[in-house]
Amino acid sequence: METLLLPFSPRFIVLTICSVVTALLLVLGIFDRKLIDVILVPLLIFGSLTLLGVRDLMQKHHAVLRNYPISAHLRFLLEEIRPEMRQYFFESEKDGMPFSRDTRAVVYQRAKMVLDKRPFGTQEDVYREGYEWMHHSVAPKPYSKEKFRISIGGPDCTRPYSASVFNISAMSFGALSPNAVRALNAGARKGGFAHDTGEGGVSPYHREKGGDIIWEIGSGYFGCRNRDGTFNPDEFARVAADDQIKMVELKISQGAKPGHGGVLPAAKVSEEIAKIRGVPLGEDCISPASHKAFSTPLEMMAFVGEMRRLSGGKPAGFKLCIGHAWEFLAICKAMLESGIYPDFIVIDGNEGGTGAAPLEFMDHLGMPMREGVNFAHNALVGINARSRIKIGASGKIATAFDMARAMSIGADWCNSARGFMFALGCIQSLSCHTDHCPTGVTSQDPIRNRALYVPDKIDRVCSYHHATLHALAELLAAAGLEHPQELRPIHFTQRTSTTEVRTFAELYPPLRPGELLEGTQDRRFRDAWAMARADSFQPAG
């Protein structure tokens, strides 16, 4: 009896109704031909739903469809639009990950040069644990109209680069669409800042608009590789000779997936990308996890020195997300032993990342940016090398406060990837890896990326940069400062509990100049320094 009543149960009632209606319409059509025109559309609708329900019953991949034919498709539909529903209807101004609606909104407003002020006081809970603030001065200064810049290039660099303190972080052509690369590079040229290519190489779209380029070379050596995937020094020298390229950067690891290597899904490897990168068409383009050109800290420093030589004396450095502390200190020991120093180091945090990555890597691997920047800064101070090496910070930086906070604990300049993506029109749909980006920022589909109108986005990229530095100038003036390089940990405080606060100077205690060489007792460095070896990334002992 229970089996006979099953078609009328809530699970199957939709299929039953569709089947009955389809049968009745067929009978009506057979017995009265004049009704065909009237019932044709309903017959097609209910007949299609009936066939869909039968298919649901027969398929074996989705249990929910076998138990709830037809009606279970509503579940998949709701799941498909869940991110949009949450973003547009349920998020508060401070909700939303990885960037809140408030942060996205201020980038959009500054990119469009419209009102970016907020009414009625902060929506932050200023008494929650983790809340941070910057100290102001009772003697504020007029805000500086200077375009904050720093000189990158140590004693061994013959062609130093005057860089903005706010630049476009590494995003490859392939991860971004052609029009996105065009707009970013032209915006960088118009605003006088730099555009990092990412490890995908220098594409024609980077060259087209003439903006300053930081050429990033990853473990795949795209743009300067032999057929077997090894580094080609002659090709590197040829490309690096371009005056548009201002600095060369060796990518050791990135924040989204440190220790994994870059991933460009097969869906985004077009014929053009395959040609530019020198990889097979239609296959996942995965950079090796480690480099073939070197395997020890000393060899790595030699490679950085060779990059500087081959580029004609341009600033050469490397980017990494810090993992094992002794490995970064091993690089520091290699600098001391070899006498070869990078001109700059970019610290990526594990909160960074615009591309595809495994969940475990994205959420739980690598050091966050702030700890990484401060660790690298102190390590270089501890070996008396900080004055000759500049530090860039990359990891969830979108506002002037983000910049000031990073620069107070050791960064000389900041890079932003997703901030500039928002300036292009990114709506944080989280579909970057699918090639179905709704705004054309990350899609290689020419129909999708044509929606990104380059002339308009050039102005927005430039405006976002300009407005963010203007906000930074106002923050500095309120604190009684004139340049970001004057920022120190003492200028920031964090609430560590409901009733306790600590300054960044307490949270990020400094090393003395040369302290690592003298023998530090600081627990953050003492054991790791003893384990570090210039001839190997493996720990001593």
Side-chain angles (χ1 to χ4, degrees), residues 96-100 103-104 106-108 110-111 163-177 179-185 187-188 191 193-201 203 205-206 211-216 218 247 249 251 253-258 262-264 268 319-321 346-357 361-362 366 368-370 372-373 392-400 402-403 406 411 413-433 437 439-443 452 457 460-462 464-465 468:
M97 292 298 288
F99 286 86
S100 71
T103 299
R104 300 196 306 271
V106 79
V107 175
Y108 298 146
R110 288 173 176 172
S164 169
V165 298
F166 191 41
N167 301 292
I168 301 170
S169 195
M171 295 181 284
S172 302
F173 167 59
L176 297 184
S177 69
N179 280 356
V181 174
R182 286 186 177 107
L184 288 172
N185 193 260
F193 53 101
H195 180 193
D196 194 312
T197 65
E199 66 172 310
S203 73
Y205 309 108
H206 289 96
D212 288 355
I213 286 174
I214 301 170
W215 183 20
E216 182 181 274
M247 303 200 300
E249 175 183 283
K251 193 195 89 167
S253 59
Q254 66 185 88
K257 44 187 176 294
V263 178
L264 187 66
K268 300 183 72 173
K319 180 184 87 172
L320 83 168
C321 176
V346 176
I347 302 297
D348 206 359
N350 73 346
E351 66 270 50
T354 56
F361 280 69
M362 187 178 290
M369 182 270 290
R370 280 188 262 171
V373 164
S394 174
K396 214 170 179 182
I397 291 172
T399 68
D402 299 333
M403 293 180 63
W413 87 88
C414 295
N415 293 334
S416 177
R418 288 168 289 186
F420 281 101
M421 287 175 68
F422 292 142
L424 288 174
C426 167
I427 59 172
Q428 194 169 280
S429 68
L430 306 183
S431 56
C432 311
H433 60 301
C437 172
T439 59
V441 174
T442 65
S443 177
L452 196 154
K457 303 306 182 185
R460 294 192 183 189
V461 168
C462 180
Y464 167 57
H465 176 269
T468 303

[X] vs [Y] side-chain heavy atoms within contact, under 4.5 Å:
X      : Y      : value
Leu424 : Leu184 : yes
Tyr205 : Asn185 : no
Val346 : Trp413 : yes
Arg418 : Val107 : no
Leu320 : Ser253 : yes
Leu452 : Arg182 : no

Side chain to side chain contact (heavy atoms under 4.5 Å, CB included) assessment of Val181 paired with His195: CA-CA 9 Å; Val181 174; His195 180 193; 4.1 Å; yes
List the residues meeting side-chain hydrogen bond (donor to acceptor under 3.5 Å, both in side chains) with [X], not counting sequence neighbours, and say none if there are none.
X      : answer
Ser177 : none
Tyr108 : none
Arg104 : none
Asp212 : Tyr161

Does [Y] offer a backbone N or O that forms a donor-acceptor pair with the side chain of [X] under 3.5 Å?
X      : Y      : value
Gln428 : Phe99  : yes
Glu216 : Glu199 : yes
Ser100 : Thr103 : yes

Which atom of [X] lies closest to which atom of [Y], heavy atoms considered:
X      : Y      : result
Cys437 : Val441 : SG-N, 3.4 Å
Lys396 : Asp402 : O-OD2, 3.8 Å
Ala398 : Ser416 : CA-OG, 4.5 Å
Gly198 : Ala170 : CA-CB, 3.7 Å
Ala423 : Val461 : CB-CA, 4.3 Å
Ala393 : Val373 : CB-CG2, 3.7 Å

What verdict does the side chain to side chain contact (heavy atoms under 4.5 Å, CB included) test give for Asp196 and Lys319, after you've listed the backbone C-alpha separation in whole Å, the side-chain angles of each residue and the deciding distance to 0.1 Å? CA-CA 11 Å; Asp196 194 312; Lys319 180 184 87 172; 5.7 Å; no
Report the residues that fulfil salt bridge (charged side-chain N to carboxylate O under 4.0 Å, His left out) with Lys457, sequence neighbours left out, ordered by chain and then residue number. none
In Å, rounded to the nearest 0.5 Å, how long is the span from [atom1] of [X] to [atom2] of [Y]?
X      : Y      : atom1 : atom2 : result
Ser169 : Met421 : OG    : CE    : 11.5 Å
Asn350 : Gln254 : CG    : CD    : 12.0 Å
Arg110 : Thr399 : CZ    : OG1   : 7.0 Å
Ser394 : Ile168 : OG    : CD1   : 12.0 Å
His206 : Ile214 : NE2   : CD1   : 11.0 Å

Residues passing the ring pair (Phe, Tyr, Trp, His ring centres under 6.0 Å) test with His465, sequence neighbours excluded, are Phe166, Phe193
